[in-house]
Amino acid sequence: MVKILYSEEEIARQVQLLAGQISAHYAPLVSISYPLVVLPVLKGAFVFSSDLLRRVTVPLRVEFLRASSYREGTVSGGLELDIPETAFLSGHHLLLLEDIVDTGRTASQILATLKGCGPASLQICALLDKPSRRVAPVEVHFRGFTIADRFVIGYGMDLAERYRELPYVGELEECTF
Ligand code: IMP
Ligand code: MG
């Protein structure tokens with residue numbers, strides 16, 4: 001059983017709010033010839049980014065990032081980041097799009113790599129933020145919801161690659177029979 005934490009309607013309202021904040025922030029900074037570069041982190045951010053981007057009103061370009069953490073034994077290792085060679089990030093305003101920022105390790109490593117590309121600015125937008133779990137200091141500039149320390153699924157987020165297709169954000173309840 002899945003317990004719904006944020007319904008489709010609640011998410012849509014929050015996504016519209018975020019799109020408004022992002023549009024207002026970047027309107028004076030970007031243009032058709034100098035668009036905002038939005039960087040959704042695959043796979044988790046694919047649903048969130050497709051809903052959000054259709055509501056943002058400033059000119060933008062999308063470049064998908066793929067981050068995969070590799071593990072050695074039980075210790076979490078580093079992060080491999082694929083940035084398209086043709087992405088042209090230097091001098092542009094970059095907005096990283098995450099489904100959820102948990103410990104902050106993923107986002108902080110991506111930020112460090114993107115800083116090396118010499119952007120005009122670099123900010124994070126996340127649907128969900130779990131600040132109580134933070135290990136790496138990461139600031140989420142545009143945040144949909146703040147949640148407690150719980151594992152969520154749906155709206156792009158998975159548990160072992162399942163549940164990404166759910167239209168809401170939920171939590172798995174233990175089966176009691
Ligand atoms: P972090 O590096 O610990 O901040 O976690 C980054 C990634 O872990 C997120 O982008 C998600 O893909 C995944 N993650 C963290 N918490 C959850 C959760 O509650 N549900 C599903 N995925 C999660
Ligand atoms: Mg993710």
Side-chain angles (χ1 to χ4, degrees), residues 1-12 14-15 18-19 21-22 37-53 56 62-84 87 89 94-117 119 122-175:
M1 283 284 290
V2 180
K3 180 180 156 203
I4 298 179
L5 295 178
Y6 299 109
S7 68
E8 271 189 85
E9 293 73 23
E10 286 174 283
I11 295 170
Q14 209 57 29
V15 166
L18 283 173
Q21 290 168 10
I22 290 166
V37 181
V38 176
L39 301 147
V41 183
L42 295 174
K43 299 178 189 170
F46 83 107
V47 177
F48 173 47
S49 56
S50 69
D51 279 349
L52 181 75
L53 298 186
V56 169
V62 186
E63 301 289 352
F64 291 101
L65 296 184
R66 175 118 209 188
S68 38
S69 47
Y70 50 89
R71 287 166 191 276
E72 287 160 20
T74 55
V75 181
S76 183
L79 190 90
E80 265 177 297
L81 186 63
D82 286 339
I83 301 180
L89 305 181
L94 308 184
L95 181 61
L96 190 67
L97 284 192
E98 270 279 23
D99 48 356
I100 183 164
V101 177
D102 183 30
T103 64
R105 285 194 182 105
T106 310
S108 72
Q109 289 179 77
I110 295 175
L111 287 182
T113 304
L114 292 177
K115 270 182 198 149
C117 300
L122 178 53
Q123 303 212 298
I124 302 182
C125 171
L127 178 70
L128 296 167
D129 189 8
K130 272 194 224 175
S132 65
R133 293 254 308 159
R134 207 67 104 246
V135 173
V138 166
E139 192 194 336
V140 177
H141 307 91
F142 304 99
R143 174 190 302 108
F145 303 98
T146 301
I147 60 165
D149 181 7
R150 61 215 305 187
F151 194 84
V152 295
I153 49 164
Y155 201 69
M157 288 170 287
D158 73 308
L159 172 63
E161 295 301 325
R162 289 287 325 278
Y163 308 110
R164 291 192 197 275
E165 72 280 16
L166 297 180
Y168 47 80
V169 173
E171 194 173 29
L172 282 177
E173 288 181 318
E174 270 184 48
C175 213

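Position 1 is the first residue of the sequence, and the numbers go up from there. Bear in mind the structure is a predicted one, so any value in this text is a computation, not a measurement. Whatever order the structure lists them in is the order used to number ligands and atoms, beginning at 1.
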Exercise for review: Classify the contact between D158 and ligand 1 as side chain, backbone, both or neither, using a heavy-atom distance cut-off of under 4.0 Å.
Suggested key: backbone

Review point. Got a donor-acceptor contact below 3.5 angstrom from the R134 side chain to the D102 backbone?
Key: yes

Check your understanding: Would you say V101 and ligand 1 have an N/O pair spaced under 3.5 Å apart?
Key -> no

Point to revise | Atoms in ligand 1 with a heavy atom of T103 nearer than 4.0 Å | key: 1 (P), 2 (O), 3 (O), 4 (O)

Review point. What atoms in ligand 1 come closer than 4.0 Å to a heavy atom of R150?
Key: 19 (O)

Point to revise | ring pair (Phe, Tyr, Trp, His ring centres under 6.0 Å) involving Y168 - partner list, sequence neighbours excluded | key: none

**Study point:** Per-atom contacts, ligand 1 versus T106 - under 4.0 Å to a heavy atom
**Key:** 1 (P), 2 (O), 5 (O), 6 (C)

Check your understanding: Which word best sums up how the rings of F48 and Y155 line up, parallel for under 30°, tilted for 30 to 60°, or perpendicular for over 60°?
Key -> tilted

Review point. Any idea which part of R133 is under 4.0 Å from ligand 1, heavy-atom wise: side chain, backbone, both or neither?
Key: neither

Review point. Between L5 and I147, is any pair of side-chain heavy atoms under 4.5 Å apart?
Key: no

Point to revise | Nitrogen or oxygen of G104 less than 3.5 angstrom from that of ligand 1 | key: yes

Review point. Tell me the salt bridge (charged side-chain N to carboxylate O under 4.0 Å, His left out) pairs involving residues 152-166, sequence neighbours left out?
Key: K43-E161, D158-R164, E161-R164

Review point. Which of the atoms of ligand 1 are close to K130, meaning less than 4.0 Å from one of its heavy atoms?
Key: 16 (N), 17 (C), 18 (C), 19 (O)

Check your understanding: Got a donor-acceptor contact below 3.5 angstrom from the E8 side chain to the P167 backbone?
Key -> no

Revision key, fill the gap. side-chain contact (heavy atoms from CB on, under 4.5 Å) test vs V38 passes for just one of I22, L97, L96, namely L97

Check your understanding: For ligand 1, which atoms, with element, lie under 4.0 Å from some heavy atom of E98?
Key -> 10 (O)

